[in-house]
Amino acid sequence: MGERIFFAIAAFGVIASAVGVITLRNPFRAAVALIVSLLSVALIFLLERAPFVAMIQVIVYAGAVVVLFLFVIAYLGDKPPAVGPDPLARYQVLAWLVIIGLGIEGFLALGNSRLPGIRANPFQVSDIGSPRAIGRAFLDSFVAEFEGTSLVLLVAAIGAVLLARRAVLGERGR
Amino acid sequence: MSVQDQIKGFGITFRTMVSRPLTLGYPEVKTPVFPRFRGRHQLWRYDDGLEKCVGCSLCVAACPADCIRVVAEENTPEHRVSAGERYARIYEINMSRCIFCGYCELACPFDAITLEHSYELSERERDLMVYTKDMLLTPAPKQPPLRTVGQRV
Amino acid sequence: MNEPLVIITIEALITVLVVLNAFAFATLWERKLLGRFQARYGPNRAGPVGYMQPLADLLKLVFKEDFVPEGANRVLFQIAPLISVITAVTAIAMIPFGDPIHVDGYTIQLVGANVSVGLLVLFALSGLATYALILGGWASGNKYSLLGAARSAAQLVSYEVAMGLSVVGVLMISRSMSLVDIVHGQESSTWYILLQPVGFIVFLVAAVAETNRPPFDLPEAESELVAGYHTEYAGMKFAMFQMGEYVSMMVISALGATLFLGGYLGPWLPGFVWLVIKIVVLLFLFIWMRATLPRLRYDQLMRFGWKLLLPIATANLVITAIVVAVFFQT
């Protein structure tokens, strides 16, 4: 019973704040809505017996990534940009078609799947949420993907340093 | 700032912590003063009760802040106040203007006015800061203690 | 947690009350200790040893005008101090204060929530505390606050990484992220400070930076940015920011004590008392650093965090991993 209440709160929080992110005009408020959305997703992770992922979600996503978003918003100011008529207004019909199509596809996929969690009596597959299981997954089963991801991050970090260095050198030369 | 310097810094603060603080517990403990400390003024009398001040106004001339007011009056045989020909009928010092330089003490040829040690001179009203002759004749109620040579505080 | 709701509520109430009182007297203790470091007494007028000073400060702050600046974002302005306090006080739930006690057939756990990833929850909460700074700084509608908030947020994010890495060595030794298990691990072996001295030092430095304490307090430095992100806050909101700062200081001290100094372990005194003693020792270190070290300039701060602290933490991690893998493989 308590799980259902929490799930209702978390699910409602995710959807409402996600809607808030894309509809709020003030970018700062949209970022705060994003924080609420990410925290609700962390709550859902907790309900799925994955506390490690939930905490990592909060630490990395809500605790660092959105902070960087807020930096950018803070420096660029919070006035919504003065836009004229929407240049993509003609393609609204296509957008609606895509939404409806994706919705139907989603319902079909979730309705017919054999995911253990969707049955009437969901059972826990195995220990997949604990740090031990995740560690083993990283280093035993999926080590190539893990190393590949870290390589991508390393390239991104080097690229950022090079870009910053070029900007700093450019300023000094002037 | 090297690590050794930082550790020395920590040593200094720690040693300061375990030693006695330098704070003086005012107002329970008064700051001691040296003997020649220039505090509140005082007008003096001779032993027989006659005032030393003759109203010559040399202190008025010497005062850089122009805060002394003297009005002299002839000594009559019936009413003899000072030891000379004249006496100061009105003698007022505006303490809010006085800079406690001691020039009035240096200028007085009769040692009638000196600066004593009292330094607690705050008042709540500006009018009370003008000291009249009667106030100046009587010594201040409590004098702060004297500082000895080599005293720590 | 199978205890009845009543016991949980009572525990929570006691904990919150104790923590709030501890905050009040921590402010007094800090001022008196700083005074002693500076060859003077601290506050000693309000009450015999000055022990009424926190009450006097509280009364003064309560009577101040509770305003919102004109260019400010009302809602976020009021929420920011709340976030600061909530994240700090919630973190107390993870700290174990002793072994479970058995009373009347009930078993009372002396930890708010024995989560299997308790350590991560603490890091998550301290990560969320950065929002108090950012939102408060931006919502004040004041350039200085915004600058202070941005610098502070960058500083917190940087030192969070170093703090996390410094703790992984302990995780590898104890093989669990639950703080209760970590304390039990130190019960069977030794205090982890002996096994991870470098980790402890890195954790301590990162903790000072995480709580915006001197020498890493540029974002709230009075002489630099007026008062940084809490320039526009007065009265009770300012008091709440202070509460958040001091309570998070105590929480991080408690975390350091639990991870490295054996938590509530200790001979013949009750566990809770030992934990308080260790927290007090770490708080003393915090205050000692405030009294001694000059403030780091912002670029020095960032350079220190990324170029010195992070490599040291990583090296500690690698060496610990090698040692544990080679010598203690189970």
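In what follows, chains carry the letters A, B, and so on, assigned in the order in which the sequence lines appear, proteins first and then strands, with residues in each chain numbered from 1.
- The side-chain heavy atoms of A:V67 and C:Y131, taken from C-beta on, include a pair separated by under 4.5 Å.
- Within a 6.0 Å radius of OH in A:Y61, other residues, nucleotides and ligands contribute 12 heavy atoms or fewer.
- Between the CG atom of C:L133 and the CG atom of A:L70 there is a distance of 12.0 Å, given to the nearest 0.5 Å.
- Listed here is the closest heavy atom pair of A:G63 and C:T130: O-OG1, 4.2 Å.
- Options C:L146, C:V121, C:V161, C:L171 differ in how many heavy-atom pairs under 4.5 Å they form with chain A, and the most are formed by C:V121.
- Both the backbone and the side chain of A:V66 come within less than 4.5 Å of a heavy atom of chain C.
- More than 12 non-hydrogen atoms from other residues, nucleotides or ligands lie less than 6.0 angstrom from CZ of A:F146.
- Ranked by heavy-atom pairs under 4.5 Å with chain A, the first of C:G127, C:A150, C:S176 is C:A150.
- Heavy atoms of C:L76 lying under 4.5 Å from chain A belong exclusively to its side chain.
- At a 4.5 Å heavy-atom cutoff, C:A129 makes no contact with chain A through either its backbone or its side chain.
- Contact annotation for A:F71: only side-chain heavy atoms (C-beta onward) come within less than 4.5 Å of a heavy atom of chain C.
- Summarising the geometry of A:R132 relative to C:R175, their closest heavy-atom pair is NH2-O, 4.5 Å, with the distance given to 0.1 Å.
- Contact of the C:L135 side chain with the A:F28 side chain is registered, since non-hydrogen atoms from C-beta on lie closer than 4.5 Å.
- Atom CE of A:M55 sits about 9.5 Å away from atom OG of C:S116, to the nearest 0.5 Å.
- If you take CG on A:L39 and CG on C:L128, they are separated by 5.5 Å, rounding to the nearest 0.5 Å.
- In this structure, CG in C:L120 is found 13.0 Å from CD in A:Q57, a value given to the nearest 0.5 Å.
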